[in-house]
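So the structure is just underneath, and the comments pick up after that.
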Number of protein chains: 2
Amino acid sequence: MDSSKLGSSDRLLLAALNLIAAKGYNGVTTLEIATEAGLSEKTLFRQFGSKQKLLEAAFDRYHYAEEMKKLFSEKLVWDLEEDLLLVSKTYHEIMNRNRKLIQISLKEEGQLPGFRERTHKHPLQLLDILTNYFITMSEKGKMIPTNPEMHAFSFMMMNFGAFMNDLDSHKNYATISLEPFIQESVKIFARALQP
Amino acid sequence: MDSSKLGSSDRLLLAALNLIAAKGYNGVTTLEIATEAGLSEKTLFRQFGSKQKLLEAAFDRYHYAEEMKKLFSEKLVWDLEEDLLLVSKTYHEIMNRNRKLIQISLKEEGQLPGFRERTHKHPLQLLDILTNYFITMSEKGKMIPTNPEMHAFSFMMMNFGAFMNDLDSHKNYATISLEPFIQESVKIFARALQP
DNA sequence: TTTGACTGTCAGTACTGACTGTCATTTGGT
DNA sequence: ACCAAATGACAGTCAGTACTGACAGTCAAA
């Protein structure tokens, strides 16, 4: 979290992201944000005009948005366990990259409309990819053919749940860490879905 | 949400719960809450003294807290699929009953400490029960014996994810509803964990 | 040296929101 | 009808907070 050698506006954006994720939009003052960034409140307003625009700028700047469809069509090897592992890891990578943004969009949904959509666009895309993957796999006879959408949904929900549970720094179920969970949970689905 | 024939304090508690769940503690004014309850702001303060105490009272009043260990020891029939179905349904029942409370504890964690713990106490208890159930089941030879904790955790995370996804009124993945998900997801685990 | 971009300080404005006090009014029980 | 408790209407206090304006300092480029 050291932003000592960043430009002023980046320091402000980062400070805003961290503080708003922790205490909510209404729970943080512009003075607090500026102080955290090591700058004066005045500078904040000079750069961004308003508190709202500051948050929006932070979202725009730090929202990780990347197409991944092509990536997947190349990486999939049509082995159920291996591919599920790839999907799971990719999912957690995306979610972790956008961790703060997701925290904010959870707390502030209803007040800052549109934020939730943006943080969930890519996971949604992954669900789509996975469903189609399941359909193709069952056509190849490498998987049971029933309910591919629901199987994909269940898999994604499991990973979503694990991520959410982890969001506030591992408070609940502290004994279990992410890596072994990914490994084992993938095995469960690979075993259940094999023909 | 019609609270027309309730007492004043109950109307206030319900209004507070609904509004705070929707807009966050700092996003709602005492005037708003009182108006929503059809009462004057003055009455709110006469009854509860402060905004904080109002929220705490709402938590105490509406937090569904019930022991369930005995319940389970009676209801389990030692058939994997049937019992997983019971656990899953119980989980969603508890979570839905406390839906608003959970929404609040998510948004306000970090500001209102202790709330999160209370909403997660019972789900945590369920994880414990399920782990022990898996251990016993594998001793009976009705289940694969590896990693019972992780299997239980994966199952709970899947349900937690589905619930979280549903929290803001079915916005994402709108085509999928809860009941079929429960049925199918239970089948997945039953299939994966059978010996 | 001069200029311009950037930042800080400080005082101040406009508004919001939690909370109080006072007094009139309503309501429910006897 | 009468009383007491609950409620409302209204004005007001006080602290906080987003945001502005005026002015001054720093520093690098021209």
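Order of the sequence lines fixes the chain letters, A, B, ..., with proteins taken first and strands second; residue numbering starts at 1 for each chain.
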Starting from P on dG8(C), measure out to CG on Leu31(A) and report it in whole angstrom.
12 Å

Between Asn26(A) and Arg46(A), which residue's closest nucleotide on DNA chain D lies nearer the 5′ terminus?
Asn26(A)

Which of the following nucleotides, dG8(C), dC19(D), dC19(C), is nearest to the side chain of Thr43(A)?
dG8(C)

Could you tell me if Lys51(A) sits above the aromatic ring of Tyr25(A), with its cationic atom closer than 6.0 Å to the ring centre and no more than 45 degrees from the axis?
yes

Gly38(A) near the nucleic acid: base, sugar-phosphate alone, or nothing, with a heavy-atom cut-off under 4.0 Å?
sugar-phosphate

NZ of Lys53(A) versus P of dA18(D): gap in Å, rounded?
16 Å

Listed nucleotide nearest any side-chain atom of Leu39(A), set dC19(C), dA18(D), dT7(C):
dT7(C)

Interatomic distance, Phe48(A) CZ vs dT20(D) C1' [rounded to whole Å]:
18 Å

Note: Arg118(B)-Asp60(B) ion pair, threshold 4.0 Å (strictly below)
yes

What's Gln47(B) touching, base or sugar-phosphate or nothing? Going by heavy atoms closer than 4.0 Å.
sugar-phosphate

Close side-chain approach of Asp83(B) and Phe72(B), heavy atoms under 4.5 Å
no

Choose from dA18(C), dT20(D), dT7(D) the nucleotide whose nearest atom is closest to any side-chain atom of Phe45(A).
dT20(D)

What integer distance in Å separates Leu54(B):CG from dG17(C):P?
16 Å

Check every strand shown and say whether Lys42(B) touches a base, only sugar-phosphate, or nothing at a heavy-atom separation below 4.0 Å.
base

Taking the minimum atom-to-atom distance to the side chain of Ser40(B), which one of dC19(C), dA9(D), dA18(D) wins?
dA9(D)

Taken to the nearest whole Å, OH/Tyr25(A) to P/dA18(D) is 8 Å

To the nearest angstrom, the CZ-C1' distance between Arg11(A) and dT7(C) comes to 11 Å

At under 4.0 Å, does any side-chain N or O of Ser8(B) touch on OP1 or OP2 of dT7(D)?
yes

Expressed as a whole number of angstroms, how long is the span from Gln52(A):CD to dA18(D):P?
12 Å

Check the distance between dT16(C)'s P and Glu41(B)'s CD and give it to me in whole angstrom.
14 Å

Heavy-atom count check: over 12 atoms from other residues, nucleotides or ligands less than 6.0 Å from Lys142(A) NZ?
yes

May I have the step-by-step check of salt bridge (charged side-chain N to carboxylate O under 4.0 Å, His left out) for Asp166(B) and Arg99(B), ending in yes or no?
CA-CA 10 Å; Asp166(B) 217 45; Arg99(B) 177 173 281 260; 3.7 Å; yes

Could you tell me whether the phosphate oxygens of dA18(D), OP1 or OP2, come under 4.0 Å of any side-chain nitrogen or oxygen in Thr30(A)?
yes

